[in-house]
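Because the structure is a prediction, the values reported are computed rather than measured.
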Amino acid sequence: MNVEQARFNMIEQQIRPWDVLDASVLSLLAIVKREDFVLEEHRALAFMDMELPLPEGQQMLAPKLEARLLQELAVRKHERALEIGAGSGHMAALLAHQAREVLSLEIRPALAQLAAHNLERAGVRNAEVRTADGALGLHGEAPFDVVLLSGSVAAVPQSLLMRLAPGGRLAAIVGQQPIMRAVLYTRSAAAGFHSVELFDTVAPRLDGFPEPSKFAF
């Protein structure tokens with residue numbers, strides 16, 4: 001396989017047609033080597049338009065979905081980012097190239113270890129992976145300028161939105177199959193938020209998030 005040609009085709013045939021037009025995001029996809037964040041047995045599929053298997057029955061998001069979420073968050077160099085659901089570490093690596101620092105939470109120890117290993121091997125120094133329940137949001141670490149849920153939830157808890165700094169953004173895939181939508185939440189004031197529905201999609205569920213009836217928001 002011609003890896004660079006496959007990477008080019010991924011960007012031009014999958015990602016750009018999905019309304020990912022930000023030059024900084026597109027160039028980043030050529031810098032961060034996606035194939036180094038997939039399991040060895042799936043390296044040949046690294047650039048395919050599909051979710052890829054990870055340990056313990058988990059999945060890595062499709063390339064175009066990762067890219068679109070990254071574009072919508074519009075991360076800036078001085079910002080602190082929180083990711084929930086580290087997976088293989090690929091999304092944390094993308095965020096780390098745009099943010100000042102990244103904290104990635106993964107509830108499954110095997111995945112947390114995998115993500116940390118991949119980030120170290122890729123030379124990413126400003127991203128940390130912790131084994132923790134991301135649904136709780138790590139109160140002592142707040143506030144964050146950017147929060148990304150790398151998977152779907154039935155609804156976003158108010159407690160997690162409150163981890164945002166004023167002007168901070170949270171991106172999540174919200175809903176129940178077969179109807180889910182990517183939503184961008186922005187904190188406008190001390191306790192004020194507004195949300196924008198971005199696009200329809202589906203994604204694997206994140207662990208640890210309760211059903212909608214248990215949310216205050």
Kindly list each side-chain donor-acceptor pair under 3.5 angstrom involving residues 61-75, sequence neighbours excluded, with atom names and distances?
residue : atom : partner : partner atom : Å
K64     : NZ   : D49     : OD2          : 3.3
E66     : OE1  : R34     : NH1          : 2.9
E66     : OE1  : H90     : ND1          : 2.7
R68     : NE   : E72     : OE2          : 3.1
R68     : NH1  : W18     : O            : 3.3
Q71     : OE1  : L21     : N            : 2.8
Q71     : OE1  : D22     : N            : 3.0
Q71     : NE2  : D19     : O            : 2.9

Could you go through the side chain to side chain contact (heavy atoms under 4.5 Å, CB included) check for L29 and I15 one step at a time? CA-CA 10 Å; L29 297 171; I15 293 172; 3.4 Å; yes
Is a side-chain N or O of S152 found less than 3.5 angstrom from the main chain of V174, in a donor-acceptor match?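 A pair under 3.5 Å: no.
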Under 3.5 Å, side chain of R80 to main-chain N/O of A99, donor-acceptor pair present? no
Do you know the tightest heavy-atom contact between [X] and [Y]?
{"X": "A93", "Y": "F37", "answer": "CB-CZ, 3.7 Å"}
{"X": "L160", "Y": "G134", "answer": "CD1-O, 4.0 Å"}
{"X": "A96", "Y": "V124", "answer": "CB-CG1, 3.6 Å"}
{"X": "T201", "Y": "A182", "answer": "CG2-N, 4.3 Å"}
{"X": "A135", "Y": "G208", "answer": "CB-O, 3.5 Å"}
{"X": "V129", "Y": "A86", "answer": "CG1-CB, 4.2 Å"}

Looking at [X] and [Y], does any basic side-chain N land under 4.0 Å from a carboxylate oxygen?
{"X": "E41", "Y": "R43", "answer": "no"}
{"X": "D207", "Y": "R108", "answer": "yes"}
{"X": "R125", "Y": "E120", "answer": "no"}

Is there a side chain to side chain contact (heavy atoms under 4.5 Å, CB included) between L95 and E83 once you walk through the steps? CA-CA 9 Å; L95 287 166; E83 180 194 21; 4.2 Å; yes
D145: which residues meet the side-chain hydrogen bond (donor to acceptor under 3.5 Å, both in side chains) condition with it, sequence neighbours left out?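 D145 satisfies side-chain hydrogen bond (donor to acceptor under 3.5 Å, both in side chains) with no other residue.
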Walk me through whether N118 and D36 qualify under side chain to side chain contact (heavy atoms under 4.5 Å, CB included). CA-CA 7 Å; N118 286 341; D36 292 340; over 6 Å; no
Side chains of [X] and [Y]: does their closest heavy-atom pair fall under 4.5 Å?
{"X": "I11", "Y": "N9", "value": "no"}
{"X": "E106", "Y": "Q113", "value": "no"}
{"X": "L28", "Y": "Q98", "value": "yes"}
{"X": "F8", "Y": "V3", "value": "no"}
{"X": "L103", "Y": "R130", "value": "yes"}
{"X": "V147", "Y": "L164", "value": "yes"}
{"X": "Y185", "Y": "V183", "value": "yes"}
{"X": "I107", "Y": "T131", "value": "no"}

Relative to F47, does R7 satisfy both conditions: NZ or CZ under 6.0 angstrom from the six-membered ring centre, and within 45 degrees of the ring's axis? no
Are M50 and V38 in one and the same hydrophobic cluster, where Ile, Leu, Val, Met, Phe, Trp and Tyr link if side-chain heavy atoms are under 4.5 Å apart?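 Both belong to a single hydrophobic cluster.
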Out of curiosity, [X] [atom1] to [Y] [atom2], how far, rounded to the nearest 0.5 Å?
{"X": "I173", "Y": "D200", "atom1": "CD1", "atom2": "CG", "answer": "11.5 Å"}
{"X": "E128", "Y": "L105", "atom1": "CD", "atom2": "CG", "answer": "9.0 Å"}
{"X": "R76", "Y": "R100", "atom1": "CZ", "atom2": "CZ", "answer": "13.0 Å"}
{"X": "S88", "Y": "H42", "atom1": "OG", "atom2": "NE2", "answer": "11.5 Å"}
{"X": "L148", "Y": "L82", "atom1": "CG", "atom2": "CG", "answer": "9.0 Å"}
{"X": "L170", "Y": "I84", "atom1": "CG", "atom2": "CD1", "answer": "7.0 Å"}

T186 and R169 side chains, donor-acceptor separation under 3.5 Å: no
Have Q58 and R205 got a donor and an acceptor in their side chains that come within less than 3.5 Å? no
I'd like to know whether CD1 of I31 has more than 12 heavy-atom contacts from other residues, nucleotides or ligands below 6.0 angstrom. yes
Listed partners of E51 passing side-chain contact (heavy atoms from CB on, under 4.5 Å), at least two apart: Q59, P204
